[in-house]
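All residue numbers refer to positions in the sequence shown, counting from 1.
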Amino acid sequence: MKTEYDYIIVGGGSAGCVLANRLSQDPSVTVLLLEAGGSGRSIFVDMPSAFAIPMASKEFNWGYYSEPEPGLNGRLMDAARGRGLGGSSAINGMVYVRGHPGDFDEWESLGAKGWNYASCLPYFQRAESWMHGADDYRGGDGPVGTCNGNNRKNPLYQAFIDAGEEAGYGLTEDYNGFRQEGFGPMHMTVKDGLRASTRRGYLEAARGRSNLTVITRAEVDHIGLHEGHATTVTYWRYGKCHEVSARRDIVLSAGSIGSPSILQRSGIGRGEVLEQAGVDVVHELPGVGENLTDHLEVYFQYRCREPITLNGGLDPLSKLKIGIQWFFTKTGLGASNHFESCGFIRTRAGVEWPDIQYHFLPGAVRYDGNAAFDGHGFQVHVGPNKPDSRGHVRIRSKDIREAPEIVFNYLASEKDREDWRICLRLTREILSQPSLDRYRGAEIQPAIDLSNDAAVDEWVRNNVETAYHPSCSCRMGAEDDELAVVDSHCRVRGIKGLRVVDSSVFPSIPNGNLNAPTIMVAERAAAIIRGEKMLRSDAPRWQPTDAEATQREGIAQRPMDADMLRSAP
């Protein structure tokens, strides 16, 4: 087996598969992709509606948990991360949300030069094959297929969209296009009835190239440094230690938990963290593992007055029938993640772009795919998407078998707690609109007095769940930013030949799910590494008219119905 390559990519997940494809397009270079997990192949990975199964599997999930979270009454929070080719794109909910243009302009304002929306949009387009074809915002022939589902006939989807409009928030035809704000259909990474993971979209197209080597079951121990240059990767495979070297770059794409852990085991990070873990400090870089950010969400759950929800298909026989139809035809309920309508709104007056996201589900289920209660119901997943609170990832020792210390520090700021109070009140108001009267039964949760701040805070602490969006733990930033880990070319500061390309480099968390921006970052980073001329788009973005802006300010400032806050409709 060869032991020297031009590029070594550590991690075959959402970003790593992109990089493996794009870098190996140059036949004059050799590329090695190292993945700790397996092939990433499973019928349950490919079947969109079965995503709860691989997420719960040790084969496909690293199984991380946080430390007891002080802001959540000491709860340990699940921190599921994908393991195997495709990474988290093989176990996620397949929701395709790029984020708001303002999120990427914010990145540049935080020191990530060149990562504004106009410079990122072409790489979102390059990655995507949108079911309706290309336009100024969407891609038509990229590796990742996206669609807006196949179950739109369920009237609950449209009723939720109508409720958002009745509450005054407006509509959007394409929240990944011209206008994010408003209510409309939701998009998913599904193509031809199959999950469109990066393994399927990017890696399978490149596996036949002679200059690309893929090694699975290879868990990276550390990066070897020589005179300030990253030169080698040491990894374990089936109990044997191996070392490979890179002529050009080593690229870490192990995710927001894995990438900072590998850097720290390599002696790169905050000195006291490394010393406590028994690792010699090779390069002091205090931002490694810091700034960890995540989204939280809760479920608003209601009983449904009509037997039209997914709860009617959760018994074993119905699941079998759905599975058989999908297996032979790749159609039916098995071909959807069932999040087929959504909304994006702002918490308060003065917020420049939406900071609350809604996923609507025409069923009341738990994350394991089982019914939340007997009978029919529906639910809305909701949470504020621009939290202030920050946590960390820190190794405990140099032993790769020991999971790192993960602390998200959820709800540490008063602003975050207030965002949740506003979020729940706005959500109940939306779900109280006339469009849902025909279907809405009793509120199962939260079913509390939302006018009572203390009651809201306690309910959130006890019931909030992660949206599985860890990010920002190796953040990109300017040279004078002490906590920036990589520069705008994704190069680790102070180390030659070493880059980080995954969601850990986000300067701030976007307003939306993270798979789409992670893929975009990998596409743009690959273009940077290859020395391509960088693309830019002048596509306009939506701005509210003066009348719309005035209306939205009025919505944000209007008093809510006291009876509605105290008890659900």
- Task: Quick one: list whatever passes salt bridge (Lys or Arg N to Asp or Glu O under 4.0 Å) with Arg75, sequence neighbours left out.
- Result: none
- How long is the gap from CZ on Arg475 to CD1 on Ile509, to the nearest 0.5 Å? 14.0 Å
- Below 4.5 Å, heavy atoms only, C-beta onward: do Leu110 and Ser508 meet side chain to side chain? yes
- Item | Heavy-atom donor-acceptor pair, Arg81 side chain to Ser88 backbone, under 3.5 Å | no
- Polar side chain donor-acceptor pair, Asn515 to Ser14, under 3.5 angstrom: yes
- Determine yes or no for a side-chain-to-main-chain donor-acceptor pair under 3.5 angstrom, with Ser473 supplying the side chain and Ser256 the backbone. yes
- Task: Assess whether side chain to side chain contact (heavy atoms under 4.5 Å, CB included) is satisfied between Val18 and Val501, documenting all intermediate values.
- Result: CA-CA 10 Å; Val18 177; Val501 179; over 6 Å; no
- Message: Checking Asp78 against Tyr468: is there a side-chain donor and acceptor pair closer than 3.5 Å?
- Response: yes
- Message: Looking at Asn73, I'd like to know if its CG atom is crowded, meaning that more than 12 non-hydrogen atoms belonging to other residues, nucleotides or ligands lie closer than 6.0 Å.
- Response: yes
- Message: Working note: Asp388 + Arg417, criterion side chain to side chain contact (heavy atoms under 4.5 Å, CB included); need CA distance, chi angles, decisive distance, verdict.
- Response: CA-CA 10 Å; Asp388 278 349; Arg417 296 189 290 272; over 6 Å; no
- Query: With a 4.5 Å heavy-atom cut-off, do His295 and Gln357 have their side chains touching?
  - Reply: no
- Without swapping roles, check the side chain of Asp416 against the backbone of Pro387 for a donor-acceptor pair under 3.5 Å. no
- Got a second to check how far Asp280's CG is from His283's NE2, nearest 0.5 Å? 15.5 Å
- CG of Leu85 to CD of Glu204: how many Å apart, nearest 0.5 Å? 9.5 Å
- Query: Taking it one step at a time, do Phe506 and Leu514 satisfy side chain to side chain contact (heavy atoms under 4.5 Å, CB included)?
  - Reply: CA-CA 10 Å; Phe506 292 2; Leu514 299 196; 4.1 Å; yes
- Message: Using side-chain heavy atoms (C-beta onward) and a distance below 4.5 Å, is Leu498 in contact with Leu263?
- Response: yes
- Message: Donor-acceptor check, side chain of Gln180 to backbone of Tyr175, threshold 3.5 angstrom: yes or no?
- Response: no
- Message: Ring centres under 6.0 Å, that's the criterion: do His100 and Tyr117 meet it?
- Response: no
- Report yes if some heavy atom in the side chain of Arg499 is under 4.5 Å from a heavy atom in the side chain of Ile528; otherwise report no. yes
- Run the salt-bridge test on Arg541 and Glu352 with the 4.0 Å N-O cut-off and return the result as yes or no. no
- Task: Could you pull out all residues at least two apart from Glu402 that satisfy salt bridge (Lys or Arg N to Asp or Glu O under 4.0 Å)?
- Result: none
- Under the salt bridge (charged side-chain N to carboxylate O under 4.0 Å, His left out) rule, what do Arg421 and Glu418 come out as? Steps first, then yes or no, please. CA-CA 5 Å; Arg421 296 169 198 143; Glu418 177 62 15; 2.8 Å; yes
- Only counting residues at least two apart or in another chain, list the ones meeting salt bridge (Lys or Arg N to Asp or Glu O under 4.0 Å) with Arg524. none
- Query: Is the backbone of Gly84 close enough, under 3.5 Å, to the side chain of Thr216 for a donor and an acceptor to pair up by distance?
  - Reply: no
- Query: Quick one: OH on Tyr96 to CG on Asn176, what's the gap to the nearest 0.5 Å?
  - Reply: 6.0 Å
- Query: Is Asn211 reaching over with its side chain to a backbone N or O of Ser24, donor-acceptor style, under 3.5 angstrom?
  - Reply: yes
- Note on the structure: Applied to residues 263-275, the side chain to side chain donor-acceptor pair (under 3.5 Å) test, sequence neighbours excluded, yields none
- Item | Pairs flagged by salt bridge (Lys or Arg N to Asp or Glu O under 4.0 Å) wherever residues 28-39 is involved - sequence neighbours left out | none
- Task: Using a 4.5 Å cut-off on heavy atoms from C-beta on, say whether the side chain of Leu203 contacts that of Leu33.
- Result: yes
- Just checking, any donor-acceptor pair under 3.5 angstrom between side chains of His359 and His381? no
- So Tyr410 and Phe408, would you call those rings parallel, tilted or perpendicular, with 30° and 60° as cut-offs? parallel
- Query: So, Ser259 side chain and Ala254 main chain: donor-acceptor pair closer than 3.5 Å or not?
  - Reply: yes
- Task: Flag the pair Glu59 and Arg83 as a salt bridge only when some basic side-chain nitrogen lies within less than 4.0 angstrom of an acidic carboxylate oxygen.
- Result: no
- Gly12 and Cys17: which non-hydrogen atoms are nearest, and at how many Å? O-SG, 3.2 Å
- Nearest heavy atoms of Val45 and Arg195, plus distance in Å: O-NE, 2.8 Å
- Side chains of Thr30 and Asp6: is there a donor and an acceptor less than 3.5 Å apart? yes
- Query: So does His229 have more than 12 non-hydrogen atoms from other groups sitting under 6.0 Å from NE2?
  - Reply: yes
- Side chains of Tyr238 and Arg217: does their closest heavy-atom pair fall under 4.5 Å? yes
- Task: Look up atom CD1 in Ile9 and atom CG in Leu19, then write down how far apart they are to the nearest 0.5 Å.
- Result: 5.0 Å
- Task: With sequence neighbours excluded, tell me which residues meet salt bridge (Lys or Arg N to Asp or Glu O under 4.0 Å) with Glu243.
- Result: none
- Query: Is a side-chain N or O of Glu128 found less than 3.5 angstrom from the main chain of Arg138, in a donor-acceptor match?
  - Reply: no
- Query: Among Val31, Leu32, Thr232, which one satisfies side chain to side chain contact (heavy atoms under 4.5 Å, CB included) with Ile8?
  - Reply: Leu32
- Message: Check Arg247 with Glu4, please: is the shortest side-chain N to carboxylate O separation under 4.0 Å?
- Response: yes
- Message: So, applying side chain to side chain donor-acceptor pair (under 3.5 Å) with Lys386, which one of Asp355, Asp103, Asp419 is it?
- Response: Asp103
- Message: Is it the case that the side chain of Ser119 and the backbone of Trp115 share a donor-acceptor pair, with hydrogens and angles ignored and the cut-off at 3.5 Å?
- Response: no
- Task: State whether the side chain of Arg493 and the backbone N or O of Glu479 hold a donor-acceptor pair below 3.5 Å, judged by distance alone.
- Result: yes
- Message: Using 0.5 Å steps for rounding, measure from the CG atom of Asp481 to the CG atom of Asp487.
- Response: 12.0 Å
- Item | Heavy-atom closest contact (Leu426 atom, Tyr358 atom, distance) | C-OH, 4.1 Å
- Got Ser503 and Val521 here, is their nearest side-chain heavy-atom distance under 4.5 Å? no
- Message: Could you tell me if the side chain of Arg22 sits less than 4.5 Å from the side chain of Tyr202, heavy atoms only?
- Response: yes
- Message: Applying the side chain to side chain contact (heavy atoms under 4.5 Å, CB included) criterion to Cys423, which one of Val298, Ile356, Val456 satisfies it?
- Response: Ile356
- Task: May I ask you to say whether Arg346 pairs ionically with Glu181, meaning some side-chain N is under 4.0 Å from a carboxylate O?
- Result: yes
- Item | Stepwise side chain to side chain contact (heavy atoms under 4.5 Å, CB included) test for Asn409 and Arg390 | CA-CA 6 Å; Asn409 210 23; Arg390 299 290 184 268; over 6 Å; no
